[in-house]
Amino acid sequence: MTETSSLPITAREFHLAARPVGVPTGANFALVERPIPDLADGQILVRNTWMSVDPYMRGRMDDRPSYIPPFQVGAAMEGSALGEVIASAAAAVPVGATVTHFAGWRDYAVVDAATATPVDTSLAAPQHYLGALGTTGLTAYAALTDVARVEPGDTVFVSAAAGAVGSVAGQIAKALGAARVIGSAGGAAKTALLLDEFGFDAAVDYRQGDLAGQLTAAAPEGINVYLDSVGAEHLRVAVEAMRPGGRVALVGAISGYNGVNEVPGPDLYLAAIKELSLRGMLVSSYFPIFGEYIAKAAGWLADGTLRTRHTVYDGLDQAPAAFLGVLSGANIGKMLVRLA
Ligand SMILES: NC(=O)c1ccc[n+]([C@@H]2O[C@H](COP(=O)([O-])OP(=O)(O)OC[C@H]3O[C@@H](n4cnc5c(N)ncnc54)[C@H](OP(=O)(O)O)[C@@H]3O)[C@@H](O)[C@H]2O)c1
């Protein structure tokens with residue numbers, strides 16, 4: 001039996017209007033209103049209250065094979081979101097539950113209950129489940145505990161350090177016993193925040209140029225671990241600064257996502273002669289430890305070990321602007337869209 005409260009009849013959702021060439025614009029998105037279908041057995045209707053915009057979505061706007069299929073022109077976009085269940089045809093997920101799911105970019109979502117995850121909003125405010133307690137937090141944790149394991153005493157370098165993954169990563173590196181954690185970000189306001197709020201020991205502003213010189217000054221004896229979110233010049237400079245036996249977590253390569261201003265990557269011969277490990281990762285491989293991570297990170301949030309920031313755009317119609325903003329650095333911490 002479907003359990004309901006007062007229900008909306010239509011939902012608004014973003015469609016991919018056209019594939020971008022280079023940097024996307026508002027013209028690549030279309031906001032479409034559609035009737036909400038009746039729930040089938042096992043489905044829930046969710047009123048989305050928060051949605052995530054993430055750099056990887058840029059890749060889904062292109063028509064090329066990847067680890068996740070491309071968005072289709074004229075079809076709804078998707079991504080992580082959180083909301084309240086307002087109708088349920090699934091006994092396990094009742095009306096009133098707060099769930100995360102993958103039907104973002106819309107205000108109301110019909111979701112198979114089996115693909116939704118109820119979250120405990122007594123542990124942390126709901127929006128954290130799209131940030132520090134969500135996939136970006138898990139990415140930082142997995143990168144530094146498994147992919148490029150931080151050992152006590154290490155010098156750790158983190159790029160895109162004022163962003164969602166990076167700001168959490170710097171603090172996790174310290175919690176794992178790193179002796180020195182260096183962050184790279186764009187602009188003086190962000191580098192100040194790395195030092196004053198996110199616990200980094202040193203910060204470099206890549207927009208000032210001479211990234212190699214700045215990193216050498218911050219880590220004269222080199223680095224042991226690098227969490228790479230940027231690729232290209234950041235990765236090249238980090239490989240040069242690596243001590244023998246160093247580890248690199250290849251998490252992202254945002255400098256190339258728009259396919260413009262690409263610069264050469266690292267000299268991998270250096271990786272050979274320094275016996276470095278460079279290892280890629282996908283956060284989905286770590287979903288089996290998601291619950292364990294959330295419990296740990298919620299404790300860190302509660303006791304102040306982990307400090308977070310959110311940059312919030314209000315209203316579904318602002319989702320494309322928020323997404324374009326995360327690609328260009330308009331965010332501090334996790335970029336989110338508040339829908340209700
Ligand atoms: N492998 C996985 O499973 C996985 C999971 C989650 C995220 N990721 C990756 O992790 C990275 C960070 O993701 P996020 O969600 O935490 O985003 P984010 O760091 O919150 O936002 C992206 C940031 O990248 C920086 N940036 C943009 N263009 C840049 C450039 N050309 N050079 C240097 N920095 C640039 C901007 O900060 P500035 O103002 O400092 O430039 C921007 O704020 C991305 O590469 C993403 O694809 C991977």
Side-chain angles (χ1 to χ4, degrees), residues 22-24 51-61 66-68 79-80 130-132 134-144 146-148 157-172 183-194 198 200 203-209 211 214-215 226-238 248-263 265 278-287 290 293 308-313 322-337:
V23 181
M51 61 166 267
S52 180
V53 284
D54 298 273
Y56 79 90
M57 292 169 175
R58 174 64 188 85
R60 297 194 73 187
M61 298 177 84
S66 184
Y67 64 97
I68 189 165
S80 295
L130 297 179
T135 52
T136 52
L138 180 63
T139 299
Y141 179 77
L144 299 180
D146 187 54
V147 183
F157 180 43
V158 176
S159 56
V165 172
S167 60
V168 170
Q171 297 172 82
I172 288 178
S184 159
K190 288 191 178 183
T191 51
L193 207 65
L194 296 186
F198 295 135
F200 286 78
V204 300
D205 176 357
Y206 74 88
R207 289 193 187 156
Q208 292 296 318
L211 183 61
Q214 290 191 67
L215 184 57
Y226 172 49
L227 189 160
D228 187 29
S229 287
V230 172
E233 192 195 0
H234 270 80
L235 182 55
R236 180 179 63 74
V237 163
V248 179
L250 299 170
V251 169
I254 195 168
S255 66
Y257 288 179
N258 283 320
V260 290
N261 302 325
E262 284 173 274
V263 296
L278 291 85
R279 191 176 146 201
M281 70 160 295
L282 282 176
V283 66
S284 47
S285 296
Y286 294 89
F287 284 173
F290 216 150
Y293 166 72
T308 61
R309 287 274 196 120
H310 299 144
T311 299
V312 177
Y313 282 49
F323 172 64
L324 300 181
V326 83
L327 294 177
S328 64
N331 60 310
I332 289 171
K334 182 73 187 94
M335 182 69 102
L336 293 171
V337 183

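For ligands, and for the atoms within them, numbers begin at 1 and follow the listed sequence. Please read these numbers as outputs of a predicted model, since none were measured by experiment.
- Ring geometry for Y293 versus Y141: interplanar angle of 30 to 60°, hence tilted.
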Mind listing the side-chain donor-acceptor pairs of residues 324-331 below 3.5 Å, one per line with the distance, residues two or more places apart or on another chain?
{"from": "S328", "atom 1": "OG", "to": "L324", "atom 2": "O", "distance (Å)": "3.2"}
{"from": "S328", "atom 1": "OG", "to": "G325", "atom 2": "O", "distance (Å)": "3.4"}
{"from": "N331", "atom 1": "ND2", "to": "G333", "atom 2": "O", "distance (Å)": "2.9"}

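- Residues passing the side chain to side chain contact (heavy atoms under 4.5 Å, CB included) test with A148, sequence neighbours excluded: V225, R247, A249.
- The aromatic rings of F157 and Y226 lie parallel to each other, their planes meeting at an angle below 30°, with 60° marking the opposite boundary.
- Taking a heavy-atom cut-off of under 4.0 Å, ligand 1 is surrounded by P55, T136, T139, A160, G163, A164, V165, A185, G186, K190, Y206, R207, S229, V230, V251, G252, A253, I254, S255, Y257, M281, L282, V283, V326, L327, G329, N331, G333.
- When all heavy atoms of S184 and L194 are compared, the pair lying nearest together is N-CD1, 4.3 Å.
- Under the rule for a side chain to side chain contact (heavy atoms under 4.5 Å, CB included), the partners of A140 that lie at least two apart in sequence or sit in another chain are V165, V168, A169, I172.
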